[in-house]
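Remarks on the structure that follows.
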Amino acid sequence: MRLRYETGTATLLQFAVVTILAFINQISSIVSTCVKNDGDCVSNSLVSLVLVILVAIWFGFISALGYAAQDKRSKRLARVLIAAEALNLLISLFNAKHFPNTLGLITSVIDLALAAWVIMLAWRLMRANGGCVVTGNARTRATTTRGRRRPILTEPKDRL
């Protein structure tokens, strides 16, 4: 399946992947904190739980926004989706530059790639102006090879 404008599917995939990676990162953080300091284990666990919940809520909102933009083919919703994904892109870029461990770097790179992919899909959806989304040569081919209308041949009523 080639995704050209399916921002709903892309944002749902992003929601699932980013939430799972955030959960894995926070479990890793909890384990490393509990091994080093017994006193910080409970507080780190609570903060990690809140962080995973906030990530799930944010990407759930983005997923709903992606489905709404795709369903309504709204230029305005596509712009809002692009803005939200640009924010995700900036945060992921910052996290990639300041990664605490290899898992954090991998997560940030995956987040960057998914945000860029959703931005590209939303951009195509926005440029389509509510119409069919076409890419590359399909647009120029459709505008240059217009066929003429053919007359509709009908049988006279007396022949039936």
Side-chain angles (χ1 to χ4, degrees), residues 1-33 43-147 149-150:
M1 173 172 77
R2 291 184 56 175
L3 298 175
R4 292 187 179 165
Y5 66 93
E6 295 180 5
T7 55
T9 306
T11 54
L12 182 65
L13 179 69
Q14 182 184 32
F15 166 74
V17 169
V18 171
T19 304
I20 289 169
L21 288 174
F23 183 74
I24 292 170
N25 271 330
Q26 295 310 312
I27 293 294
S28 171
S29 172
I30 291 169
V31 168
S32 67
T33 302
S43 63
N44 187 28
S45 299
L46 291 175
V47 170
S48 295
L49 178 65
V50 168
L51 185 63
V52 169
I53 290 171
L54 288 175
V55 166
I57 289 171
W58 173 247
F59 282 98
F61 167 73
I62 288 179
S63 182
L65 186 62
Y67 270 106
Q70 174 186 332
D71 187 44
K72 295 180 181 181
R73 298 201 182 222
S74 169
K75 199 172 191 176
R76 186 175 58 92
L77 288 175
R79 285 183 184 151
V80 172
L81 180 62
I82 289 171
E85 288 295 340
L87 180 65
N88 288 342
L89 194 85
L90 289 174
I91 292 170
S92 297
L93 187 62
F94 178 79
N95 288 341
K97 288 184 177 181
H98 305 290
F99 61 94
N101 53 23
T102 308
L103 183 60
L105 177 64
I106 291 170
T107 300
S108 297
V109 169
I110 291 172
D111 292 350
L112 275 168
L114 288 172
W117 179 47
V118 173
I119 287 172
M120 180 189 65
L121 294 177
W123 178 260
R124 287 181 184 168
L125 184 65
M126 187 182 71
R127 286 188 50 208
N129 289 328
C132 183
V133 177
V134 293
T135 58
N137 293 337
R139 179 177 296 140
T140 57
R141 192 170 46 242
T143 56
T144 58
T145 59
R146 291 186 180 155
R149 289 190 134 175
R150 296 182 183 170

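In this chain, residues are counted from 1 in sequence order.
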Checklist line | Nearest-0.5 Å distance that lies between atom CG in Leu125 and atom CG in Leu81 | finding: 8.5 Å
Check: Of all residues at least two apart in sequence or in a different chain, which pass the side chain to side chain donor-acceptor pair (under 3.5 Å) check with Trp123?
Finding: none
Check: Got a sec, which pairs hit side chain to side chain donor-acceptor pair (under 3.5 Å) with one end in residues 55-69, sequence neighbours left out?
Finding: Trp58-Asn88
Note to self: Once rounded to the nearest 0.5 Å, what's the spacing between atom CG of Leu103 and atom CD1 of Ile24?
What the structure shows: 7.0 Å
Margin query: Among residues at least two apart in sequence or on other chains, which ones pass side chain to side chain contact (heavy atoms under 4.5 Å, CB included) with Leu90?
Written below: none
Next item on the list: Any chance you could lay out the side-chain contact (heavy atoms from CB on, under 4.5 Å) test for Leu121 and Glu6, step after step, and finish with the verdict?
Entry: CA-CA 7 Å; Leu121 294 177; Glu6 295 180 5; 5.7 Å; no
Check: What residues form a side chain to side chain donor-acceptor pair (under 3.5 Å) with Thr107, not counting sequence neighbours?
Finding: Asn25
Checklist line | Residue pair Ser32 / Ser29: nearest heavy atoms and the distance that separates them | finding: OG-O, 3.0 Å
Check: Passes side-chain contact (heavy atoms from CB on, under 4.5 Å), Leu65 versus Thr11? Steps please.
Finding: CA-CA 8 Å; Leu65 186 62; Thr11 54; over 6 Å; no
Notebook entry, point to check: When rounded to the nearest 0.5 angstrom, what distance separates CD1 in Ile91 from CG in Leu112?
Noted result: 11.0 Å
Check: What distance separates Arg76 CZ from Met126 CE, expressed to the nearest 0.5 Å?
Finding: 14.0 Å
Next item on the list: Please test Phe59 against Leu114 for side-chain contact (heavy atoms from CB on, under 4.5 Å), starting from the C-alpha separation and ending with a verdict.
Entry: CA-CA 12 Å; Phe59 282 98; Leu114 288 172; over 6 Å; no
Check: Which residue pairs pass the side chain to side chain donor-acceptor pair (under 3.5 Å) test when at least one of the two sits in residues 90-102, sequence neighbours left out?
Finding: none
Check: If you take all heavy atoms of Thr7 and Ala69, which pair is closest and at what distance?
Finding: OG1-CB, 4.2 Å
Next item on the list: Spell out, as yes or no, whether a donor-acceptor pair under 3.5 Å connects the side chain of Gln70 to the backbone of Gly8.
Entry: yes
Item checked: Rounded distance [0.5 Å steps], CG in Leu49 versus CD1 in Ile30 -> 7.5 Å
Checklist line | Residue pair Leu13 / Trp117: nearest heavy atoms and the distance that separates them | finding: CD2-CZ3, 3.8 Å
Margin query: Nearest 0.5 angstrom please: Thr19 OG1 to Gln14 CD, how far?
Written below: 9.0 Å
Notebook entry, point to check: Can you name the side chain to side chain donor-acceptor pair (under 3.5 Å) partners of Thr33, sequence neighbours left out?
Noted result: Asn44
Notebook entry, point to check: Ala122 and Ala78: which non-hydrogen atoms are nearest, and at how many Å?
Noted result: O-CB, 3.7 Å
